[in-house]
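Structure first, commentary second.
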Amino acid sequence: MGSLQEFNPSLWAVTAPGGDEHPPLAGSAAADVVVVGAGIAGLSTALALAEAGVDVVVLEAGRVCSGVTAYTTAKVTSLHGLTYAGLGAEVGRAYGQANQAGLDAVAQWIERYAIECDFSRRPAYTYTTSRERVQEIAKEVEAAQLAGLPASFTTTTELPFAVEAAVRFDDQAQFHPRDYCLGLTRAIVQRGGRVHEHSRVVGVDEGKTCTVRTREGGEVTAGHVVLATHLPILDRGLFFAKCHPKPSHAIAVRLEEGTPAIHGMYLGVDQPTRSLRSAEHDEVVIVGGDGDYTALEAWAAATLPVKAIEARWSAHDYVPVDGRPFIGRQLPGSHVFVATGFKKWGMTNGTAAGLMLADEITGRENRWRAAFDATRQWPPITSANLYKENAGVAHHFVGDRLAALKAPALDTLGPGEGGVVRTPGGTKVAAFRDEGGIVHAVSPVCTHLGCVVGFNAAERTWDCPCHGSRFTVDGEVIEGPATDDLARRAAE
């Protein structure tokens, strides 16, 4: 699910806008496994299954790799900020090995299927500019080394500013994520898999045989279903309550000619967070992190010799309450599998998820599965985080509804502005007035669980603050867990 024509398309969407066309699902079909979602997690699962001789069908609501995978910074690394020191030795080892295996699988598939996607090996760094955080960096290095990862402590980087300390992982990688996913799709088809775009799944009937239904009227029966839709579109595992959405922004900055290249991939742990990596033969630097585009552009201008801003984009990702993705059966004994909660590290976590799901479906042993089990129980500290996050959801559910009661009048919206407003007839609507003066009005109530949407002025979308669903100004779903559009409303 997603769009390649967002108000702010990513560098990856701009530089790889096409790809092979795959027809919508028409009528009835059958398969061993249905994979819902054609981002990196869904495509990795489908290819791993196809290589194992499984008959697989992929259903995608939009175009292949048009969702969050196309709006990432695309670092392919097992270095995920400050992660390992907080996981414990056993879980940290499983997490690190799974993500390293994801990195290795990416490299192997690129070579095996001759995928052209600007893949290059690079070191990855997590750095701090604060003396007070040097000990955190040292502990992360120690924990990562115990997990068997290529970690080292350093105070030297190529960044144009001084750092106090950094974790360094050697032999990591970066790539063009959309080109890579288009290559995975071709490989799936070569292996006998079937891919259907513009086929939005709206329901799954589970039994000994599962039936997957699309909004367009198609259906597929299969023994197993994989929901690789970023956040599962079914509520049975309650993953919307176990993960919370977190937005981030990125810009692509073209540097002045003659500027020394930034070869490594960097993530700062200080606030606000800043991420850097190069692209387009090291002539462009992707700057990401917390804050809006204005803040990122100001930081880039103060830090780098900026020639031009090539692209701006943003994404929502889901952060699990205990820091580990949920991968596996949505409920014990279920034939429906999920992969969610990648906490902004979907390139390796999503690939590792595909490997683990393929192993579980085909009955193969997998030594990392227990650490990611989607049905795992909660320790007390995690339960506290769970309550905290859902208290925030409750605040939005009640508070935003009360705020909507005091909605301003529709005629207060100027061109290019949107918000929850009151029509002349007294109806509350989510309205956007375009530059031509035309008002686009939809229901302000998210079709997932009823929270009131808010207007995202930077992207010109309606975003749900509770569980991260996103909609166009005309109400069409861009990103779930919602599967139904916002209903159109009369503006007058």
Side-chain angles (χ1 to χ4, degrees), residues 40-41 72-104 106 122-128 130 133-154 163 165-174 242-244 246 248 264-271 273-277 288-290 317-327 339-353 356 367-374 376 378-379 381-382 385 389:
I40 193 165
T72 176
T73 55
K75 298 174 182 175
V76 192
T77 175
S78 56
L79 178 57
H80 298 169
L82 298 177
T83 291
Y84 295 99
L87 288 179
E90 184 177 349
V91 172
R93 186 176 299 106
Y95 184 96
Q97 289 177 357
N99 277 275
Q100 278 291 117
L103 168 58
D104 293 341
V106 168
R122 307 283 176 118
Y125 299 82
T126 294
Y127 70 87
T128 182
S130 169
R133 305 199 70 172
V134 171
Q135 193 59 34
E136 289 181 71
I137 296 292
K139 289 181 178 178
E140 184 70 8
V141 171
E142 182 181 2
Q145 289 174 340
L146 287 174
L149 299 167
S152 60
F153 180 93
T154 185
V163 305
V167 186
R168 173 172 170 148
F169 275 28
D170 285 317
D171 206 28
Q172 306 297 288
Q174 64 184 39
K242 300 173 185 176
C243 301
H244 66 275
K246 186 174 182 180
S248 59
M265 303 176 293
Y266 294 88
L267 177 67
V269 298
D270 310 315
Q271 295 299 319
T273 301
R274 291 291 176 258
S275 165
L276 298 95
R277 62 149 284 194
D290 297 335
D317 211 337
Y318 287 91
V319 179
V321 293
D322 65 351
R324 285 177 278 157
F326 296 99
I327 300 167
T340 190
F342 298 149
K343 60 175 187 176
K344 300 181 183 292
W345 297 103
M347 301 302 97
T348 51
N349 268 317
T351 307
M356 282 185 270
R367 61 186 182 276
W368 321 306
R369 187 185 303 161
F372 296 86
D373 182 8
R376 63 183 179 266
W378 305 95
I381 188 171
T382 316
N385 290 339
E389 294 302 335

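Throughout, numbering of the chain's residues begins at 1 and tracks the sequence.
Closest approach of T351 to G102, counting heavy atoms only: CG2-O, 3.5 Å. Contact detail for Y127 and G268: the closest heavy-atom pair is CE2-N, 3.3 Å. Of all heavy-atom pairs between A371 and V91, the closest is CB-CG1, 4.4 Å. Looking at every heavy atom in both residues, G96 comes nearest to S78 through O-CB, 4.3 Å. Q172 and L79 get closest at one heavy-atom pair: OE1-N, 4.3 Å. The heavy-atom pair separating G92 from A147 by the smallest distance is O-CB, 3.8 Å.
Cation-pi geometry between R168 and F153 is not met: the NZ or CZ atom fails to fall both under 6.0 Å from the ring centre and inside 45° of the normal.
Ion pairing of R133 with E136 is present here, as a side-chain N (NZ or NE/NH1/NH2) and a carboxylate O approach within less than 4.0 Å.
Using cut-offs of 30° and 60° on the angle between ring planes, the pair Y125 and Y266 is parallel. Relative orientation of the Y84 and Y95 rings is perpendicular, given thresholds of 30° and 60° on the angle between their planes.
If you take OG1 on T340 and NZ on K242, they are separated by 11.0 Å, rounding to the nearest 0.5 Å. Atoms OG1 and CZ, on T77 and R277 in that order, are 12.0 Å from each other to the nearest 0.5 Å. To the nearest 0.5 Å, atoms OG (S152) and CZ (F169) are separated by 9.0 Å. Here the CG atom belonging to D373 is positioned 10.0 Å from the CD1 atom belonging to I327, to the nearest 0.5 angstrom. If you take CG on L267 and OG1 on T128, they are separated by 11.0 Å, rounding to the nearest 0.5 Å. Residue T72 holds its OG1 atom at 12.0 Å from CZ of F342, rounded to the nearest 0.5 Å.
Contact check for F326 versus R376: side-chain heavy atoms found under the 4.5 Å cut-off. Under the 4.5 Å side-chain criterion, counting only non-hydrogen atoms from C-beta, W345 is not in contact with T83. Side-chain contact between K343 and Y318 is absent, with no heavy atoms from C-beta onward closer than 4.5 Å. Residues V319 and K246 are in side-chain contact: their nearest non-hydrogen atoms beyond the backbone lie under 4.5 Å apart.
Side-chain N/O atoms of D290 and T273 include a donor and acceptor closer than 3.5 Å. Residues T126 and H80 bring no donor and acceptor atom of their side chains to less than 3.5 Å of each other.
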Exercise. Please lay out, stage by stage, how T348 and K75 fare under the test side-chain hydrogen bond (donor to acceptor under 3.5 Å, both in side chains).
Key: CA-CA 8 Å; T348 51; K75 298 174 182 175; over 6 Å; no

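R324 places no side-chain N or O within donor-acceptor distance of the main-chain N or O of P320, the cut-off being under 3.5 Å.
Every pair tested for salt bridge (Lys or Arg N to Asp or Glu O under 4.0 Å) that includes a residue from residues 139-151 fails, sequence neighbours excluded, so the list is empty.
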